[in-house]
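First the proteins, then the strands, lettered A, B, ... as listed; each starts at 1. The figures here come from the full heavy-atom set of this structure, side chains too, leaving out hydrogens, waters and symmetry mates.
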2 protein chains.
Amino acid sequence: MPRTPPQCPMDSILRLLMGPWTTHIIWVLSDQGPQRFGVLKRAVPGISTRMLTERLRMLQRAGVVWREQAETIPPAVTYGLTPRGNDLRGVLDAMGEIAERWKTEGVFEGDDLGGAASPNSRL
Amino acid sequence: MPRTPPQCPMDSILRLLMGPWTTHIIWVLSDQGPQRFGVLKRAVPGISTRMLTERLRMLQRAGVVWREQAETIPPAVTYGLTPRGNDLRGVLDAMGEIAERWKTEGVFEGDDLGGAASPNSRL
DNA sequence: TAAAGTAGGGACGAAAAAGTAACTATAAAA
DNA sequence: TTTTATAGTTACTTTTTCGTCCCTACTTTA
């Protein structure tokens, strides 16, 4: 991400959501309710421990998720959405609705969307 | 972005929007109407020609923007939102609303949101 | 006795993303 | 006549991201 010097709250929220797995994590927490770390990891297939930890920390710093650690000996940590996190549910729903519609319209057929397709891909 | 093998339309739409400048570009086209390349570039301060071109091409492939080239000698190219592009306006508005609210709540004060803050930042 | 699960932390390195600079063509303006 | 503008493309280089592997400490299970 470039050095946008933005002061623009939109930009901040985008940098928050834009990370690779972020919305997926929020979605799971919103849909399945609070979950423990391991369950969450299994619910987001393909994510690495490192990534999941990092994203959760970041969402926590933003006040979007809470973290509750039980000081038992194999520690049990649970994450959930704060009210602020629930604010995001609307955005996610709106996106999901569009995604559904576009899918029925066949937008995602030859799906080479998203990447910096041309310059340095697969060198 | 990792190799999400997703088949999930949400994922496709996220990969579409997630690029660094993408939403900003869409926002400008939605707010100011169709614009020529140069104007657009000036409206998204900090973006490089390369990036702007690439993002526009991608949005075009997704059917979100249209491109109209006048074959005059200094070529004049205009970009605008398709109806599909306008679908996204709602999502953007929803995000903008939240962003406003969070700003008044002071969420973005020590703004180190978004990045992979811990491991390799600023080495 | 050894292995597995829990919730991570840290180092390393490959790969991807994005900035910079240089180049294209032609016409109009200075 | 040199410069400027348009809308890019291409090559080169740097920066950032993210996956992989190894480590923790303790308990329960096989």
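- One can place CZ of A:Arg50 at 11 Å from P of C:dG9, the figure rounded to the nearest angstrom.
- Each of B:Arg42 and B:Thr53 has a nearest nucleotide on DNA chain D; the 5'-most of these lies closest to B:Arg42.
- With rounding to whole Å, A:Leu40 atom CG is found 10 Å from C:dA7 atom P.
- Among the nucleotides C:dA7, D:dT9, C:dG19, the one closest to the side chain of A:Ala76 is C:dA7.
- Comparing C:dA18, D:dT6, C:dT6 against the side chain of A:Pro75 picks out C:dT6 as the nearest.
- B:Gln60 CD: more than 12 foreign heavy atoms inside a 6.0 Å radius.
- In this structure, the CG atom of B:Leu56 is 15 Å from the P atom of D:dT6, given to the nearest Å.
- Residues A:Leu56 and A:Val65 approach most closely at O-CG2, 3.8 Å, considering heavy atoms.
- As rounded to whole Å, 11 Å separates atom P of D:dT9 from atom CG of B:Leu52.
- Using a 4.0 Å cut-off, no side-chain N or O of B:Trp21 falls inside it from OP1 or OP2 of C:dA17.
- Between the P atom of C:dA7 and the CZ atom of A:Arg67 lies a distance of 10 Å, rounded to the nearest Å.
- For the pair A:Trp27 and A:Asp93, the minimum side-chain heavy-atom distance is below 4.5 Å.
- At whole-Å resolution of the value, CD in A:Glu54 and P in C:dA7 are 19 Å apart.
- One interatomic measurement links the two molecules: CD of A:Glu71 to P of C:dT6, which rounds to 17 Å at whole-angstrom precision.
- Within a 6.0 Å sphere centred on CD of A:Gln32, other residues, nucleotides and ligands contribute more than 12 heavy atoms.
- Side chain of A:Val77, nearest nucleotide from D:dG8, C:dA18, C:dA7: C:dA7.
- Distance from the side chain of A:Ser48 is smallest for D:dT20 among the nucleotides D:dC18, D:dT20, C:dA18.
- Comparing A:Thr49 and A:Pro74 against DNA chain C, the residue whose closest nucleotide sits nearer the 5' end is A:Pro74.
- Remark: B:Arg36 is in phosphate contact with D:dA7, judged by side-chain N or O atoms under 4.0 Å from OP1 or OP2.
- For the pair B:Val44 and B:Leu52, the minimum side-chain heavy-atom distance is 4.5 Å or more.
- At whole-Å resolution of the value, CD in B:Glu68 and P in D:dA7 are 12 Å apart.
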